[in-house]
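For reference, the structure discussed in these notes is given below.
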Amino acid sequence: MPENNSSDKKDTVYASPMTSVGAFKFDENVADVFTDMIERSVPGYGLVLQLIGLLAERYAQESTNVYDLGCSLGASTLQLRRHIPASCHAIGVDNSAAMVERCRSNMGRDHSAATCEILEQDIRDTEFSNASVIILNFTLQFIDDDERQTILNRMYEGLNDGGIILLAEKVRFDDEDKQTLMTDLHHDFKKLQGYSDLEIAQKRAAIENVLVPNSEALHLERLNTAGFATVMRCMHCLNFSAFLGIK
Ligand code: GEK
């Protein structure tokens with residue numbers, strides 16, 4: 001389990017019947033239970049966190065910036081901090097005040113040598129410079145579809161040669177049968193983690209139009225278009241994938 005949160009509260013946000021389900025927001029209620037929510041909702045989440053540590057060990061360059069975009073409570077930021085040289089600076093960015101407040105407090109309890117700052121900011125406004133590692137761990141999926149390429153292009157520009165981007169996303173399948181099967185299996189996975197049919201249905205209604213997944217082919221194409229010399233998928237579990245781009 002990632003040690004990223006002082007709270008280990010169970011996610012019951014969608015446990016009671018709602019007369020109408022509002023659009024999903026990263027508010028106080030979600031931030032309070034976020035570790036439990038993401039661990040029980042995203043198959044492979046823990047594995048991607050470990051992968052982030054391995055990539056940071058290999059690709060973080062001395063005296064550079066490493067970025068964690070959409071840092072939430074800081075699970076990926078902590079992986080970065082613990083695996084980068086002491087001369088690096090870790091920058092976490094999130095536009096949810098509730099997440100940022102808790103993330104800063106989580107970072108305050110970590111004693112890694114590398115310095116760290118958590119910015120309350122929209123990643124569309126983040127400036128990237130002297131970067132060796134940029135992490136987008138299940139964040140790009142919340143940005144307007146037509147803005148995704150521009151953000152990736154800017155990240156590429158801010159990366160030093162040999163730097164990397166790790167992009168993890170929920171993905172969709174163009175083939176309708178595959179899309180249905182993966183969606184069903186994902187819901188089976190959530191039931192296995194203890195979510196009820198009601199919780200799954202209400203969360204699904206809330207997240208629709210908020211989290212908009214792309215196909216794997218489109219993610220790979222975007223990374224190629226941004227200019228990355230090497231682009232590959234490095235993790236895949238049901239309808240969740242992670243992609244690596246190396247400059
Ligand atoms: C982890 N990476 O645990 N600008 C900044 N932050 C944003 C924006 C935006 N435009 N849109 C959404 N967010 C984390 C998990 S969660 C993934 C990332 C999920 C933030 C949002 O506030 C939330 O904290 C995060 O992106 C997405 O490794 O909930 O599936």
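Ligands are counted one by one from 1 in listed order, and the atoms in each one are counted from 1 as well.
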Practice prompt. Provide the number and element of each atom of ligand 1 under 4.0 Å from a heavy atom of Met99.
Written response: 24 (O)

Discussion item. Under a plain distance cut-off of 3.5 Å, with no hydrogens placed, do Arg222 and Asn214 share a side-chain donor-acceptor pair?
Written reply: yes

Worksheet item: Is there at least one pair of N or O atoms, one from Ile123 and one from ligand 1, spaced under 3.5 Å apart?
Response: yes

Discussion item. Out of all atoms in ligand 1, which are within 4.0 Å of some heavy atom of Tyr45? Include the element for each.
Written reply: 1 (C), 3 (O), 28 (O)

Worksheet entry | Non-hydrogen atom of Gln141 closer than 4.0 Å to ligand 1 | yes

Item to complete: Could you pull out, from Phe240, Phe142, Phe24, the option with a heavy atom nearest to atom 19 (C) of ligand 1?
Response: Phe142

Worksheet item: Is the Phe26 ring parallel, tilted or perpendicular to the Phe24 ring (thresholds 30°, 60°)?
Response: perpendicular

Response to the item:
Between the CE atom in Met182 and the CG atom in Asp188, the distance rounded to the nearest 0.5 Å is 11.0 Å

Fill in: ligand 1 atoms in contact with Thr139 (distance to a heavy atom under 4.0 Å)
18 (C), 26 (O)

Worksheet, complete the sentence: Contact region, Phe138 to ligand 1, non-hydrogen atoms below 4.0 Å, reads both

Worksheet item: Can an N or O of Asn137 be found at a distance shorter than 3.5 Å from an N or O of ligand 1?
Response: yes

Worksheet item: Would you say Leu211 and ligand 1 have an N/O pair spaced under 3.5 Å apart?
Response: no

Worksheet item: With a cut-off of under 6.0 Å to the ring centre and 45° to the axis, is Arg154 in cation-pi contact with Phe128?
Response: no

Worksheet item: N/O of Asp94 under 3.5 Å from N/O of ligand 1, yes or no?
Response: yes

Worksheet, complete the sentence: Hits for salt bridge (Lys or Arg N to Asp or Glu O under 4.0 Å) against Asp174, two or more places apart or cross-chain, chain-then-number order -> Arg172

Worksheet item: Relative to the heavy atoms of Ser96, which atoms of ligand 1 are at a distance of less than 4.0 Å?
Response: 22 (O)

Item to complete: Using the six-membered ring of Tyr156, assess whether NZ or CZ of Lys247 lies under 6.0 Å from its centre and within 45 degrees of the ring axis.
Response: yes

Item to complete: May I ask you to list the atoms of ligand 1 that are less than 4.0 angstrom from any heavy atom of Ile143?
Response: 9 (C), 10 (N)

Worksheet item: If you measure from each heavy atom of Gln121 to ligand 1, is any distance below 4.0 Å?
Response: yes

Discussion item. Are Leu55 and Val133 packed together at the side-chain level, in the sense that at least one heavy-atom pair is separated by less than 4.5 angstrom?
Written reply: no

Discussion item. Surrounding CD of Glu147 (heavy atoms of other residues, nucleotides or ligands, distance under 6.0 Å), is the total greater than 12?
Written reply: yes

Worksheet item: Just wondering, do Ile118 and Cys71 contact through their side chains at under 4.5 Å, heavy atoms?
Response: yes

